[in-house]
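Since this is a predicted model, take the numbers as computed values, not measurements. Numbered from 1 within each chain, the chains take letters A, B, ... in sequence-line order.
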Amino acid sequence: MEISKKYNPLAAEKRWYDHWIEKGYFHSTPNEREAFTIVIPPPNVTGVLHMGHMLNNTLQDVLIRRARMRGYNCCWVPGTDHASIATEAKVVQKLADEGIQKSDLTREEFLSHAFDWKDKHGGIILDQLRKLGASCDWERTKFTMDEDMSESVIKVFVDLYKKGLIYRGVRMVNWDPSAQTALSDEEVIHKEVNSKLYHIAYNIEGSEEKLTIATTRPETILGDTAICVNPDDTRYAHLKGKNAIVPFINRVIPIIFDEYVDMEFGTGALKITPAHDINDYQLGDKHNLEIIDILNDNGTLNENAQLYIGKDRFEVRKQIAIDLEKDGFLVKTEDYQNKVGLSERTDAVIEPKLSMQWFCKMEEFSKPALIHVMNDDIQFHPAMFKNTYRHWMENIKDWCVSRQLWWGQQIPAFYYEGNKFVIAETKEKALILAQKENPNITLSDLRQDEDVLDTWFSSWLWPISVFDGIRNPDNEEINYYYPTNDLVTAPEILFFWVARMIMAGYEYKGDLPFKNVYLTGIVKDKQGRKMSKSLGNSPDPIGLMEKYGADGVRVGMLLSSPAGNDLPFDESLCEQGRNFSNKIWNAFRLIKGWEVADIEQPDSAKQAIIWFENKINKTILEIDESYSKYRISEALMSTYKLVWDDFCSWYLEIVKPNYGSQIDTITYDKTIEQLEKVLKLIHPFTPFLSEEIWHLIDDRTNDIIVADWPKAKDFEEIILSDFDIISEVVSAIRNFRKQKQVPRKELFNLLVKENKMLCRNMDPIICKLGGLDCVEYVGEKPSGTYSFMVKANEYFIPLSDSVDVGVELEKLQKELDYTEGFLKSVEGKLSNEKFVQNAPQSLVEKEKKKQADAKAKIEILAGKISALSDA
RNA sequence: GGGCGAUUAACUCAGUUGGUUCAGAGUGCCUCCCUUACAAGGAGGAAGUCGGGGGUUCGAGUCCCUCAUUGCCCACCA
C-alpha cells in the first residue's frame, strides 16, 4: 500500500469517531471499576463553538482519555444550558425582526417560539464538539430545562423555602431595562465611561438662597425626596430644618444631615432619590424619606415623574439639562469619568430599581464551601484562585434568584387572595396547602408567580441533577459517579457557577461536587485582545480543524496554555500541532517501509533500544507527574520532545538501516513496541492520529482508545547520562564535518584519549551517527588531528590537510579562559570558611569534585595550547 | 478604594524547601543542506546584568523592603 507523504486527517477523523461511537467506548454505566467523572460546563444551548470552548473541551477530553486508558470507568456528561436571559434576548430579537413584540404574546406562545428556536439552533455546539474528538457520553446529554432537570430545580427551591432560606422581599435590585428583568450583582459589569457631572441649583424654601448639588443623572431629580449634607459641613449648618424645592415640579423636600456625604465631593450637597440609587435608598430608609419611583420597567419615565412622561431616561437626561439651563437652574456641567453598570447579557445600562424579588440566603452555604476549598479537599489549579474565592465567600450576599423572564423554570409560588402565597412543586400540591388556610379555594384561584429562576439556579445543581441525584438521592448512578473528578472551566464563572456548585454539593449531597477545578485562561488574539464576535478576531474553530486537523488544533491549543494563564492564540500554534502530527506520521512511514530479514542485529541498535527504553520510562514518569499536577501543557511538551527528539531524531536515526530497508527481527519488534508506547502517550492529545497509526501498524481488533496507559518503570540514570555524552560527541563530529566540509560519505576514525568517563559500549552509536569507521583509544594526543572535548575527555579526528592553527588556538584559549574563571569561582567558594561551614556537606563535596575536574581540564587545555604554539 | 497576581531570550512560558556545570524549553531568528520517513524536514548557531533600587545571607530569578509597569477580582461614592 502506498502511504501518503503527508498525514491527511479528515477522513481518519470521521472514521474513527464513528467507530468509537459504534463500539460504545464513550458510554458508561456503573460497574465494579472506579469511576472517573467530568461534567461539561454546559454551553448556552443556542451558542456556537468558539475558541474558549475549544480550549476548555480539549482539556477535558485529554483528562478523560488518559483516565480511560488508566482503566477508570469514564463518564463525561455533555449538555447545554438554557441560559435564560441570553436565550430569551435572542428570541425577543428574532421576533422583533419579524415584527412581533413579546408583549403581544402570551407566555405559552412565547415559550413555543423559544422552544422552536432551541430546536433549530440548540445542540449545534455539541455536534461541533464531536469534530474536536470530544469523547462525551452522548447518551447522557442533558439540557437544563429537561423535565427531570426542571423538577430538580423546583424541588430544591421548595426545599430551601421550607428551610427558611428562600424569602421574598422588596429590595433595590439591578434592573435591566432592555430585558426588563432583575439581575444578580454578578451579572452586572461595571465599566468606566465618559459622562458629565451636572451642577444643579435648588431653591431653598422661603429664602433667596440656593443650594447646588452635583449629579450625573439629572433626570432623577424628578424622583428626589431630600437633599443631604454632612452635619460637619459649616457651609450648610444654617440650613437645618429648611426645605429645598425640586426644579420644575416644585416638590418641597427636606434638607437632611448625614455623615455619609463626602464634603469634598462636588458641592458637598447630595440629592437623594431613594427609588433609583442604592445609597439613596439606604439613606432614605434611615431618614424615613418618601420613595418616588419615576421609571417604567423599560427605562422610560412614568407619571410619577410628572414631566417627560414616556420618554427614555437618556433622552430625558439630555433634554432636562437643556431645560434646566434655560431656566437658570444649571450652574455648570463638567466632564466626568464614572463607572456605569452594564447588563452582562444585553449590554443595557443598569438602573437600580426597587422591586419585589425572591432571594436565597447564602451565608450558611458559604461556610463549608469555604472550608473545603481552603483545606484542599477541593483543589484549585492554579491554587492562586483560592484567594479570590475566599474573598468572595467571606463577603457573600444573598442571591437574587428571580428574573422577570419567561424562559426558564417558573417560580413555584402560588398566590391567592391577593398577596398570600404558598410554595409547592405543583399547583395541585399548592392547592392542598392553600386550602389549609382557606378550604374554599379552588385551583382557579391560584395564580403562579410570573417570574422564572436565575439560570444559575439550575446550573448550580448540574453535577447532581445530571445523575438525578436531587429527585432520587439514593439512586445507583449518583452514588457511583458523584463526587466527580475534574471540572474544567473559566475563572470568570468562579462565583457564578463553581462556588455555587460547591455550596449545592454540600447542601444536597453532603459532599464535594468535584475534586479538582482546572481554571483555564481566556483565549486572546495576538494583540492580547479578548476574542469576541464584535471584534471579529476569533478564528472559526471548524475551519481551523479542517485546515490543520482536529489533532493539530488540539495540540496547538495546549502548547501554550498553563492553567490560569491566558492563551495568546495564533494560527501558527495549530501549524506546529499539525507538523507534530506529520512528524509522527512519517516516523510511522519509515518503520512501515522496513522489511524484516534474517540478518544480524547491529550493536548500535542494541544499545539504542536499551537507551530508549530507559529514556521513555523516565519520560513517562515525568509526564505522569505533570498530569498529576494538572500541568497539561508541560505533559504535552514532554510528550512532544519524546516523540520528536528522542524517538525520531535519535532512536530511529540509529536503528534505521544504512542501506536498503532490511532490518533484523529483534530491532523491528522492539521498535514497534516503542512506537506503540509512544502512540499511547500521544493519544490524549492526538486521538485520531494515534488510532489511525495504531491500526495501520497491524490489523487488529483492539483500539488504542482503550489500550493501557504505559506504566512508568524504573530506569537507570547512568545509561541516560552516558547517552548525553554520546550525543554531545556526535554533535561535535557533525560540527566538524560542517566546518571542514567533510561529506558524510567520507568515513574516518575517531581517536579518543582514554578516560573513565567514556561509555565504550555505546561506541557503535557514535559510529553510526557520526559516519565513522571505528572509535580507537590512543592514550596520547596524535599529531595532525582536529580535537575537541566532551566533559573531561579529549577526542581527535585525523586531518588530511593541516590544522588551521590560528582558529584552533583561539578556540582552545576561549575554553581555557572559561574553565579558569570557573575554577576561580569554585575555589573562591571553597576557600570561604563560612561556605565550607554552613553549606551542606554534599554540596561541598560537589564543589571539590568540580575543582578537580576543572584543574584536570585546564592541564589538558594548557598542554594542547603550548603544543600548538610550538608547532 | 480594597484584594490577588505578574514582570526571566524576539514571542509564549518553566525554574520545587535560597546552592552557582541551571539561567532552561518550545516557537521564532541566522547559516548550511530538497541526504531514499518527514522542507509540515535535517544539521549547526546566535540570543537574557532573570523590571529598577536597596537589604538579609558565605551564597538570591529564588527571601524581605521599596519604586515602576501591567493583568485580574471585588466595591454604591453622587
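- OP1 or OP2 of B:C13 lies within a sub-4.0 Å distance of a side-chain N or O belonging to A:Asn565.
- When heavy atoms are screened at a 4.0 angstrom cut-off, A:Asp566 is found touching the sugar-phosphate backbone but no base atom.
- At the heavy-atom level, A:Glu634 lies under 4.0 Å from the strands shown only through sugar-phosphate atoms.
- Remark: A:Arg578 is not in phosphate contact with B:G41, judged by side-chain N or O atoms under 4.0 Å from OP1 or OP2.
- OP1 or OP2 of B:A37 has not a single side-chain nitrogen or oxygen of A:Trp644 nearer than 4.0 Å.
- Taking the six-membered ring for Trp and thresholds of 30 and 60 degrees, A:Trp392 and A:Phe495 have nearly parallel ring planes, at less than 30 degrees apart.
- When the side-chain nitrogen and oxygen atoms of A:Lys5 are compared with OP1 and OP2 of B:A39, one or more of them lie within a distance under 4.0 Å.
- Classified by interplanar angle (parallel below 30°, tilted 30° to 60°, perpendicular above 60°), the ring pair A:Tyr651/A:Phe647 is parallel.
- The nucleotide whose nearest atom lies closest to any side-chain atom of A:Phe495 is, among B:C38, B:C73, B:U12, B:C73.
- With its glycosidic angle within 90° of 0, B:G61 adopts the syn conformation.
- Ion pairing between a basic and an acidic side chain is recognised when a charged N comes within 4.0 Å of a carboxylate O; A:Glu575 and A:Lys547 show no such pairing.
- Comparing the C1' positions of B:G18 and B:C11 gives a spacing of 30 Å, expressed to the nearest Å.
- No more than 12 heavy atoms of other residues, nucleotides or ligands sit less than 6.0 Å from atom CD of A:Glu264.
- Residue A:Asn579 places at least one side-chain N or O under 4.0 Å from the OP1 or OP2 atom of B:G41.
- Contact annotation for A:Asn338: backbone-only contact, meaning every heavy-atom pair under 4.0 Å involves sugar-phosphate atoms and none involves a base.
- Regarding contacts with the backbone of B:G45, a side-chain N or O of A:Asn735 is found under 4.0 angstrom from either OP1 or OP2.
- Distances shown here put a side-chain N or O of A:Tyr336 below 4.0 Å from the OP1 or OP2 atom of B:A78.
- Residue A:Phe580 is out of contact with every strand shown, counting any heavy-atom pair closer than 4.0 Å.
- When distances are taken from the side chain of A:Lys656 to each of B:G2, B:A43, B:A37, the shortest belongs to B:A37.
- In the set B:A40, B:C76, B:G26, B:A40 carries the atom at the smallest distance from any side-chain atom of A:Asn582.
- For A:Gln576, the listed nucleotide lying nearest its side chain is B:G26; candidates were B:G2, B:G26, B:A78.
- Interface remark: the A:Glu653 side chain does not form any donor-acceptor pair with the B:A43 base, using a distance-only criterion of under 3.5 Å.
- Applying the 4.0 Å criterion to OP1 and OP2 of B:C38, one finds that A:Lys583 has every side-chain N and O outside that range.
- For the pair A:Glu492 and A:Lys530, the salt-bridge criterion is met [side-chain N within less than 4.0 Å of a carboxylate O].
- Each of B:A78, B:C76, B:G44 was ranked by its minimum atom distance to the side chain of A:Ile278; first place goes to B:C76.
- Here A:Arg631 lies in heavy-atom contact (under 4.0 Å) with sugar-phosphate atoms only.
- The side chain of A:Lys6 places an N or O atom within less than 4.0 Å of a non-bridging phosphate oxygen (OP1 or OP2) of B:A40.
- Rounded to the nearest Å, the gap between the C1' atom of B:G59 and that of B:C67 is 26 Å.
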Whenever both distances are under 3.5 Å in a Watson-Crick or G-U wobble pair, mark it; put RNA chain B into dot-bracket that way, with [ ] for crossing pairs and | when the partner is on another strand. (((((((..((((.....[....)))).(((((.......))))).....(((((..]....))))))))))))....
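- There is no side-chain donor-acceptor pair under 3.5 Å between A:Asp551 and A:Ser581.
- When the side-chain nitrogen and oxygen atoms of A:Ser731 are compared with OP1 and OP2 of B:G44, one or more of them lie within a distance under 4.0 Å.
- Classified by interplanar angle (parallel below 30°, tilted 30° to 60°, perpendicular above 60°), the ring pair A:Tyr336/A:Phe265 is perpendicular.
- Interatomic distance, A:Ile213 CD1 to A:Lys271 NZ, rounded to the nearest 0.5 Å: 6.0 Å.
- Proximity of A:Tyr389 to the phosphate of B:C73: no side-chain N or O atom is located under 4.0 Å from OP1 or OP2.
- In terms of phosphate contacts, A:Asn387 brings a side-chain nitrogen or oxygen within less than 4.0 Å of OP1 or OP2 of B:G5.
- The side chain of A:Met637 lies closest to B:G26, out of B:U12, B:A37, B:G26.
- With B:G5, B:A37, B:U31 as the choices, the nucleotide that has an atom nearest any side-chain atom of A:Ala587 turns out to be B:A37.
- Between the side chains of A:Glu634 and A:Tyr627, no donor N or O sits under 3.5 Å from an acceptor N or O.
- Nearest nucleotide to the A:Tyr260 side chain, out of B:A37, B:A14, B:C77: B:C77.
- At the heavy-atom level, A:Lys641 lies under 4.0 Å from the strands shown only through sugar-phosphate atoms.
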